[in-house]
Amino acid sequence: MRFSQLYAPTLRENPADAEIPSQALLQRAGFIRKIAAGIYTYLPLARRTLLKIENIVREEMNKIGAQEILMPIVQPAELWQKSGRWDDYGPEMMKLKDRHNRDFTLGPTHEELVTELVKNELTSYKQLPLSLYQIANKYRDEIRPRFGVLRAREFIMKDAYSFHDSWESLDETYLKFKEAYSKIMERVGLRYTIIEASSGAIGGSESHEFVAFANSGESNILYCDCGYAGSDERVPYKGEYPKYDEDEKQMELVYTPNVRTVEQVAEFLNVEVRRIVKSLIFKGREGYVMALVPGDKELNFEKLKSYLNDQSLQMALPDEILNDFGVPIGFLGPIGLNNVRIVADYGVKYMKNFVVGGMKKDYHYINVNHGRDFEVKEWTDLIVVQPGDPCPVCGKPLKGEKGIELGHIFKLGTKYSETMDVKYMDKDGKLKPFIMGCYGWGISRTLGAVVEQLHDENGIIWPISVAPFEVVITVVGKDKEKQFAEKLYNYLLQNKVDVLIDDREVSPGVKFKDADLIGFPVRITIGRSFKNGLVEIKKRTGELFNVEANEEKIFGKLGELLK
RNA sequence: CGGGGCGUAGCGCAGUCGGCUAGCGCGCCUGUCUUGGGAACAGGAGGCCGCUGGUUCAAGUCCAGUCGCCCCGACCA
């Protein structure tokens with residue numbers, strides 16, 4: 001490819017709307033252009049990288065025996081109603097109607113479709129296990145798309161589904177996917193970790209996430225020297241709860257004008273934050289739920305959802321609360337609350353003489369004790385674990401780092417095969433629901449994650465495996481230099497080197513800046529040292545070599561550098 | 001969804017107390033010249049000032065609505 005013909009418009013300044021390095025650099029270096037919030041066009045450079053990422057994923061999938069298919073993006077509502085997810089997945093689905101006013105969705109995922117696909121034609125245990133996958137666009141109407149391709153509304157994903165007649169068979173395949181995913185991470189050149197995860201709206205039992213470390217990541221990873229790693233959505237709290245060896249005092253309703261936040265309450269009443277109980281109201285399938293957590297801890301929304309087994313759970317809006325309870329947020333509490341399910345964190349159990357909202361504007365109760373002043377029937381772990389809290393395996397303090405979730409694998413079990421009534425005939429002549437697994441990988445997100453992890457102040461630093469071009473020939477000079485550059489270019493092309501020649505009639509500075517910005521792993525400069533019979537070969541990571549201006553010698557050196 | 005901010009040339013921005021012909025830098029085109037880190041000079045093209053309506057002698061500028069984009073948001077970051 002010739003740079004003079006490549007459609008890769010680079011920008012001299014960062015685009016105004018870019019928040020994080022990958023978003024700024026991918027736009028600046030001419031990889032992507034935004035078309036709407038969370039919706040992007042991939043330009044030739046990005047397309048080349050995406051194809052390389054796809055091919056790595058494809059190779060690893062094929063190696064473990066998964067077969068590639070391609071399912072439609074437009075999916076009929078009935079399938080989603082059958083599985084119960086038309087409502088569960090809710091506002092995140094892009095929905096549309098056809099001319100007959102029938103409901104469709106742009107698929108956020110494909111469990112329903114794949115299950116329907118195999119419904120009538122995967123009928124015997126003799127056909128199992130089976131793994132199918134596809135690489136296709138997905139649509140999720142995020143509340144707030146951001147971070148460029150890291151949280152887009154339209155994105156490219158590899159999704160795979162496996163069907164089994166036993167848990168042992170699922171375990172075996174699950175392990176194969178886990179190993180394949182590790183290889184993908186290594187091949188695309190990312191620092192990563194594998195964490196146990198909550199299975200979210202997908203459902204099922206065991207689940208692992210493959211997370212690439214990055215400061216701009218949205219997942220908080222907690223890990224330990226002992227090898228344990230987990231997401232803060234899931235890591236169980238194993239810390240000590242403070243014990244209060246004191247008598248129960250008389251409960252009082254006190255006037256606390258305009259004192260709403262835990263910090264304000266603590267200051268106003270001159271008590272420690274941990275002597276306050278946070279009361280939060282959620283709205284779920286079965287109405288309101290109040291969650292109670294110690295004031296110095298953060299409520300873990302994912303833990304609550306999974307405890308209640310209700311993915312539709314949302315925080316109640318201030319207006320709803322005011323309407324239905326007659327109290328502004330900030331003054332909520334469990335006392336005098338009727339007909340609302342209360343779930344409390346274990347930590348609250350050990351608290352004595354604590355503070356809660358008064359269920360009345362500008363009032364809080366002090367010296368409250370559960371059991372005496374209100375009843376809690378359900379106790380569970382509802383806390384977001386922080387770095388420094390003890391490791392659930394070995395007890396040492398956990399460390400924290402942020403990461404980007406690229407891969408997620410699930411043991412679904414029979415959730416979809418049962419709700420959608422998809423069965424096979426087993427050896428014993430009985431119809432049984434499939435045991436299933438599903439395995440996602442964010443292709444376009446990987447593009448962003450690599451840039452997020454591998455860049456410097458000058459631009460992107462692509463690993464060879466996913467670079468849009470492995471080598472750029474930068475021509476700086478006149479006739480003789482140009483002639484040699486062309487000769488070298490043709491030689492390298494013939495020898496299957498993934499090479500771009502920067503033959504543009506622009507000043508050397510522009511070529512160097514663009515080469516660094518775009519991030520080609522290797523740059524061959526044919527310039528001032530050419531009159532001494534040398535060319536310069538420089539890796540984007542810094543190492544510099546002067547090599548004889550001879551095609552074979554250069555090719556030999558590239559062979560070393562591109563290994 | 002709620003709050004805030006912003007929509008002016010391809011990109012980044014100024015102009016916005018109503019006033020003249022809408023401007024700057026970069027990019028783009030032509031020419032001269034230049035060639036190791038985003039050169040120089042000369043000439044040039046490019047705007048429904050997001051959209052709709054209103055106020056006014058006069059609107060990029062004021063008002064209302066609307067669309068889009070960005071940020072923030074519940075004791076969640």
Side-chain angles (χ1 to χ4, degrees), chain A residues 9-20 23-24 27-30 33-39 90-91 141 143-148 216-220 232-233 259-266 273-274 276-283 290-305 313-322 328-333 355-357 364 382-384 386 400 402 457-459 474-479 481-482 502 504-518 523 525-531 535-536 538 544:
Chain A
T10 56
L11 306 173
R12 297 208 171 193
E13 290 167 281
N14 279 334
D17 58 8
E19 273 176 88
I20 56 165
Q23 193 182 11
Q27 290 191 74
R28 245 188 98 180
R33 289 292 180 262
K34 186 165 69 185
I35 193 71
I39 299 180
D141 198 3
I143 305 174
R144 190 140 86 85
R146 52 181 149 176
F147 302 138
S216 51
E218 294 186 273
S219 310
N220 292 308
D232 72 347
E233 291 181 352
V259 173
R260 291 158 191 277
T261 68
V262 168
E263 287 70 27
Q264 287 167 353
V265 172
V273 168
R274 60 177 198 182
I276 298 166
V277 166
K278 296 188 202 181
S279 313
L280 299 107
I281 296 239
F282 295 84
K283 212 173 175 178
M290 177 174 274
L292 304 178
V293 293
D296 59 336
K297 305 289 186 200
E298 215 174 90
L299 177 107
N300 191 321
F301 188 44
E302 293 301 322
K303 284 183 182 175
L304 182 65
K305 279 203 283 194
L313 198 71
Q314 302 215 321
M315 259 192 160
L317 301 171
D319 284 353
E320 291 175 336
I321 293 174
L322 194 58
I329 53 165
F331 303 102
L332 290 169
V355 178
V356 300
H364 280 81
L382 290 177
I383 286 177
V384 176
Q386 306 283 353
K402 286 185 172 180
E457 64 282 2
N458 295 316
T474 303
V475 194
V476 182
K478 295 208 170 172
D479 303 344
E481 287 83 0
K482 282 183 187 166
D502 194 348
R504 294 175 298 170
E505 294 294 333
V506 295
S507 71
V510 173
K511 295 188 181 185
F512 291 132
K513 287 286 185 189
D514 275 348
D516 287 349
L517 178 62
I518 294 170
R523 184 180 82 206
T525 307
I526 301 172
R528 64 183 167 206
S529 60
F530 183 73
K531 57 182 177 294
V535 302
E536 183 185 292
K538 190 176 186 205
L544 179 65

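Atoms considered below: every heavy atom in the structure, side chains included; atoms not considered: hydrogens, waters and symmetry mates. We name chains A, B, ... by the order of the sequence lines, and we start the count at 1 in each one.
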Inset, instruction - Please state the C1' separation for the pair rC17(B) and rC29(B) - nearest whole angstrom. - result: 40 Å

Inset, instruction - Classify the nucleic acid contact of D516(A) as base, sugar-phosphate or nothing, counting any heavy atom under 4.0 Å across all strands shown. - result: base

Legend entry - 5' priority, RNA chain B, between S529(A) and I143(A) [closest heavy atom]: I143(A)

Legend entry - Side chain of K538(A) - closest among rG37(B), rC75(B), rU35(B): rG37(B)

Inset, instruction - Send over the distance from Q23(A) CD to rC69(B) C1', rounded to a whole Å. - result: 12 Å

Inset, instruction - Kindly point out which of rG38(B), rC75(B), rG12(B) is positioned nearest to the side chain of P15(A)? - result: rG12(B)

Inset, instruction - Calculate the interatomic distance between E13(A) atom CD and rC24(B) atom P; express it in whole Å. - result: 17 Å

Legend entry - Whole-Å C1' distance, rU16(B) and rG23(B): 14 Å

Inset, instruction - Indicate yes or no: at least one non-hydrogen side-chain atom of V510(A) is less than 4.5 angstrom from one of R12(A). - result: yes

Inset, instruction - Figure out the CD/C1' separation between E505(A) and rG31(B), and round it to whole Å. - result: 15 Å

Legend entry - Any side-chain donor near an acceptor of the partner, N458(A) and D516(A), under 3.5 Å: no

Inset, instruction - Record whether the side chain of R28(A) comes under 3.5 Å of the base of rG38(B) through a donor-acceptor pair of N or O atoms. - result: yes

Inset, instruction - If rA39(B) has a Watson-Crick or G-U wobble mate with both distances under 3.5 Å, name it; if not, just say none. - result: none

Legend entry - Side-chain N,O (K34(A)) to OP1/OP2 (rC70(B)) below 4.0 Å: yes

Legend entry - Rounded interatomic separation in angstrom, taking CZ from F512(A) and P from rA39(B): 12 Å

Legend entry - L11(A) side-chain proximity, nearest of rC69(B), rU35(B), rC11(B): rC11(B)

Legend entry - K478(A), nearest nucleotide to its side chain (from rG37(B), rU35(B), rC1(B)): rU35(B)

Inset, instruction - Have a look at I281(A) and say if it touches a base, only the backbone sugar-phosphate, or nothing, with a 4.0 Å heavy-atom cut-off. - result: nothing

Legend entry - Under-3.5 Å donor-acceptor pair between N14(A) side chain and rG12(B) base: no

Inset, instruction - Kindly say if R12(A) contacts the phosphate of rC26(B), meaning a side-chain N or O under 4.0 Å from OP1 or OP2. - result: no

Legend entry - Paired nucleotide for rC6(B) [Watson-Crick or G-U wobble; both distances under 3.5 Å]: rG68(B)

Inset, instruction - Report yes if some heavy atom in the side chain of Q386(A) is under 4.5 Å from a heavy atom in the side chain of K297(A); otherwise report no. - result: no

Legend entry - Side-chain heavy atoms of F282(A) within contact of K305(A), under 4.5 Å: no

Legend entry - Phosphate OP1/OP2 of rC70(B) contacted by R146(A) side-chain N/O (<4.0 Å): no

Inset, instruction - Could you state the atom-to-atom distance from CG of D17(A) to C1' of rG50(B) in whole Å? - result: 16 Å

Inset, instruction - Quote, to the nearest angstrom, the C1' distance that separates rG53(B) from rC1(B). - result: 28 Å

Legend entry - Nearest-angstrom distance from the residue atom CZ of R144(A) to C1' of rG4(B): 12 Å

Inset, instruction - Identify, between S279(A) and K482(A), the residue whose nearest nucleotide on RNA chain B lies closer to the 5' end. - result: K482(A)

Legend entry - Partner nucleotide of rC1(B) by Watson-Crick or wobble geometry (both distances under 3.5 Å): rG73(B)

Inset, instruction - Taking N300(A) for its side chain and D232(A) for its backbone only, find out whether a donor-acceptor pair lies under 3.5 Å. - result: yes

Inset, instruction - Taking atom C1' in both rU61(B) and rG15(B), compute the distance separating them and give it to the nearest angstrom. - result: 9 Å

Legend entry - rA59(B) versus rC26(B) - spacing of their C1' atoms, nearest Å: 30 Å

Inset, instruction - Look at all strands and tell whether T525(A) reaches a base, only sugar-phosphate, or nothing, counting heavy atoms closer than 4.0 Å. - result: base

Legend entry - Rounded P spacing from rG7(B) to rC63(B) in Å: 14 Å

Inset, instruction - Using a heavy-atom cut-off of under 4.0 Å over every strand shown, decide if D514(A) touches base, sugar-phosphate, or nothing. - result: base

Inset, instruction - State whether the number of non-hydrogen atoms from other residues, nucleotides or ligands found under 6.0 Å of L544(A) atom CG is greater than 12. - result: yes

Inset, instruction - Classify the nucleic acid contact of Q264(A) as base, sugar-phosphate or nothing, counting any heavy atom under 4.0 Å across all strands shown. - result: nothing

Legend entry - Under 3.5 Å on both distances, the Watson-Crick or G-U partner of rA45(B): none

Legend entry - Minimum-distance nucleotide (side-chain atoms of A16(A) versus rG12(B), rG36(B), rG38(B)): rG12(B)

Inset, instruction - Could you state the atom-to-atom distance from CZ of R504(A) to P of rG27(B) in whole Å? - result: 13 Å

Legend entry - K482(A) (side chain) donor-acceptor with V475(A) (main chain) under 3.5 angstrom: no

Inset, instruction - Can you tell me, in whole Å, how much space there is between the C1' of rG60(B) and that of rG47(B)? - result: 11 Å

Inset, instruction - Classify the side chain of R523(A) and the base of rG37(B) as holding, or not holding, a donor-acceptor pair under 3.5 Å. - result: yes

Inset, instruction - Report yes if the side chains of R528(A) and V476(A) come closer than 4.5 Å at any heavy-atom pair, otherwise no. - result: no

Inset, instruction - Provide, to the nearest angstrom, the distance between the NZ atom belonging to K283(A) and the P atom belonging to rC1(B). - result: 16 Å

